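Heads up: the structure comes next, in structure tokens.
One-based numbering along the sequence shown. Keep in mind that the numbers below use all heavy atoms, side chains included, and drop hydrogens, waters and symmetry copies. Everything numeric in this text was worked out from a predicted model, so none of it was measured.
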Amino acid sequence: MSLYKRPSKLTSLWDIESSDEESTTQDDVQSSRHSFPKEEYEKIKDKTRQAIDPTVRPDFTALLSIFTSEKLLRQAAIFAGTRKINEKIVDHFHTTWRHPMHMGVPNVEFVSFMMSDKKVCQRFDEYMSELLLILDDPHVKPLWHGTTVKCKFDDKPCDPSSTDSCAGCNILSKGFDISKSGSANPFKRFGSGIYFAPNSSKAHSYAAPRGGSEDLFTILFCFVALGRCHTTVDDMPRLSEPPYPCHSVHGRVGHRLNYEEYVVYRPDAVVPFAAVTYRMNKW
């Protein structure tokens with residue numbers, strides 16, 4: 001049975017518009033009878049503002065002394081929503097783990113944050129401002145990066161004195177260095193860039209057991225300003241910068257990739273935000 005009622009007499013297109021306006025008005029009247037109380041609406045608005053304002057969130061108190069970028073912290077607050085930031089990162093780690101379980105089941109031990117060079121946040125802010133001049137949305141995405149962490153600590157991500165020998169510590173303290181692209185994996189599917197994965201399990205495939213341990217791993221949780229992405233399913237190994245007018249490359253699942261990848265070609269497009277250390281339990 002059709003709910004559409006045909007007009008008895010249609011003389012022009014104006015009849016359709018007027019009837020739509022009348023029906024809309026009636027719907028608005030009906031919905032207004034069941035609308036949310038204004039006081040409750042204002043409370044929700046205030047709660048939302050507080051959730052995305054890092055300066056008033058208790059879980060961001062320590063982070064305000066670690067990261068000097070207001071743009072970065074606001075992105076982190078939006079990502080966390082009403083959850084505590086460390087809990088949200090753990091949840092994101094598990095929900096983005098997509099590889100088969102025969103490789104093991106991860107159990108997060110701890111999430112840690114490290115004081116990085118102020119220049120890392122400063123250059124990220126400048127790059128974000130650069131993107132906002134030409135884009136409405138800089139397309140900041142939370143992504144994972146797998147690397148080698150040689151430190152033997154079980155309760156923190158790194159030893160501050162080991163930044164020269166440990167790739168993970170070096171990235172956390174000084175940010176990414178584009179000149180070291182491919183130092184761990186010589187095959188560069190999308191050229192000389194900094195590679196990230198939306199899946200924590202893909203980043204794990206590039207991580208090594210830390211400090212000689214057999215089952216303890218650390219991967220990095222980062223915020224990456226992707227800007228305008230060039231999406232492809234083909235290898236582009238000769239790239240040293242993204243195809244014009246893009247700012248990054250998105251490797252889509254296809255005949256070359258089983259899991260997505262994102263690549264940026266400027267170290268100021270990313271801030272390593274946290275280190276997630278986890279233990280792989282055999283299935």
Side-chain angles (χ1 to χ4, degrees), residues 52 54 57 59-60 62-69 71-81 83-99 106-117 120-121 124 127-128 138-149 151 153 155-158 163 166-177 184 193-210 216-226 248 259-264 267-280:
I52 65 174
R57 291 183 55 140
D59 56 329
F60 274 68
L63 297 182
L64 291 170
S65 61
I66 297 177
F67 301 103
T68 58
S69 169
K71 293 183 177 67
L72 169 68
L73 291 174
R74 185 166 291 274
Q75 290 292 333
I78 293 172
F79 164 77
R83 301 282 300 279
K84 291 181 179 179
I85 182 63
N86 57 330
E87 293 177 354
K88 178 64 178 180
I89 291 174
V90 172
D91 182 62
H92 191 64
F93 173 87
H94 287 294
T95 56
T96 59
W97 189 281
R98 298 294 174 82
H99 280 59
N107 182 35
V108 175
E109 298 283 316
F110 57 89
V111 177
S112 48
F113 306 88
M114 179 177 175
M115 181 74 73
S116 60
D117 194 325
V120 176
C121 286
F124 180 78
Y127 183 64
M128 286 278 285
H139 194 191
V140 178
K141 197 173 182 69
L143 296 171
W144 302 99
H145 180 82
T147 188
T148 302
V149 177
C151 298
F153 291 106
D155 58 345
K156 52 185 176 180
C158 69
T163 55
C166 178
C169 298
N170 199 46
I171 293 171
L172 284 168
S173 60
K174 302 177 183 178
F176 285 89
D177 185 351
I194 308 169
Y195 288 70
F196 299 92
N199 302 118
S200 55
S201 53
K202 183 175 177 68
H204 168 75
S205 63
Y206 293 94
R210 56 179 295 174
L216 197 65
F217 297 82
T218 295
I219 60 175
L220 306 183
F221 175 79
C222 308
F223 284 102
V224 187
L226 297 170
S248 60
Y259 299 91
E260 291 179 288
E261 289 183 358
Y262 289 92
V263 188
V264 293
D268 51 356
V270 53
V271 174
F273 190 75
V276 178
T277 299
Y278 55 98
R279 198 173 298 277
M280 290 298 294

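You'll find the side chain of Leu216 reaches within 4.5 Å of the side chain of Thr277, heavy atoms only. Two residues are said to be in side-chain contact when any heavy atoms from C-beta on lie closer than 4.5 Å; Pro142 and Ile89 fail this criterion. By the 4.5 Å heavy-atom criterion applied to side chains, Asp91 and Glu87 are not counted as neighbours.
From Asn199, atom CG reaches atom OG1 of Thr95 across 9.5 Å, with rounding to the nearest 0.5 Å. In this structure, CZ in Phe223 is found 10.5 Å from OG in Ser69, a value given to the nearest 0.5 Å. Taken to the nearest 0.5 Å, the CD atom of Glu109 stands 12.5 Å off from the CZ atom of Phe217. Here Thr218 contributes atom OG1 and Leu220 contributes atom CG; the two are 8.0 Å apart, rounded to the nearest 0.5 Å. To the nearest 0.5 Å, atom CG of residue Leu143 and atom CD of residue Glu261 are 11.0 Å apart. Atoms NE2 and OH, on His94 and Tyr278 in that order, are 11.0 Å from each other to the nearest 0.5 Å.
Residues Trp144 and Phe221 bring their aromatic ring centres within 6.0 Å.
Using cut-offs of 30° and 60° for the angle between ring planes, the Phe93 and Trp97 rings count as tilted. Using bins of under 30°, 30° to 60° and over 60° for the plane-to-plane angle, the ring pair Tyr259/His99 lands in the parallel bin. Classified by interplanar angle (parallel below 30°, tilted 30° to 60°, perpendicular above 60°), the ring pair Phe273/Phe67 is parallel.
Listed by chain and number, the residues in a salt bridge (Lys or Arg N to Asp or Glu O under 4.0 Å) with Glu260 amount to none (sequence neighbours excluded). Contacts of Ser200 classified as side-chain hydrogen bond (donor to acceptor under 3.5 Å, both in side chains), with partners at least two apart in sequence or in another chain: Thr96. Considering only residues two or more places apart in sequence or on other chains, Asp177 meets the side-chain hydrogen bond (donor to acceptor under 3.5 Å, both in side chains) condition with Ser179. Residues passing the side-chain hydrogen bond (donor to acceptor under 3.5 Å, both in side chains) test with Asn86, sequence neighbours excluded: none. With sequence neighbours excluded, no residue forms a side-chain hydrogen bond (donor to acceptor under 3.5 Å, both in side chains) with Asp117. Taking the side-chain contact (heavy atoms from CB on, under 4.5 Å) definition, one finds that Ala269 meets it with Tyr127, Val264, sequence neighbours left out.
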Might you work through the side chain to side chain contact (heavy atoms under 4.5 Å, CB included) test for His145 and Ile171, ending with a clear yes or no?
CA-CA 10 Å; His145 180 82; Ile171 293 171; 4.1 Å; yes
Please lay out, stage by stage, how Val140 and Met128 fare under the test side chain to side chain contact (heavy atoms under 4.5 Å, CB included).
CA-CA 9 Å; Val140 178; Met128 286 278 285; 3.5 Å; yes
Pair Tyr262, Val224 - check side chain to side chain contact (heavy atoms under 4.5 Å, CB included), show working.
CA-CA 9 Å; Tyr262 289 92; Val224 187; over 6 Å; no
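In terms of heavy-atom proximity, Ile219 sits nearest to Ala207 at CG2-CB, 3.9 Å. Contact record, Leu172 with Ala275: CD1-CB, 4.0 Å, taken as the closest heavy-atom pair. Taking both residues in full, the closest heavy atoms of Ala274 and Phe113 are given as CB-CE2, 3.6 Å, listed atom of the first, atom of the second, then distance. Between Phe60 and Pro54, the shortest heavy-atom contact is CB-O, 3.4 Å.
For the pair Thr148 (side chain) and Ala208 (backbone), a donor-acceptor distance under 3.5 Å is absent.
Geometric assessment of Lys88 against the ring of Phe79 yields a positive cation-pi assignment under the 6.0 Å and 45° thresholds.
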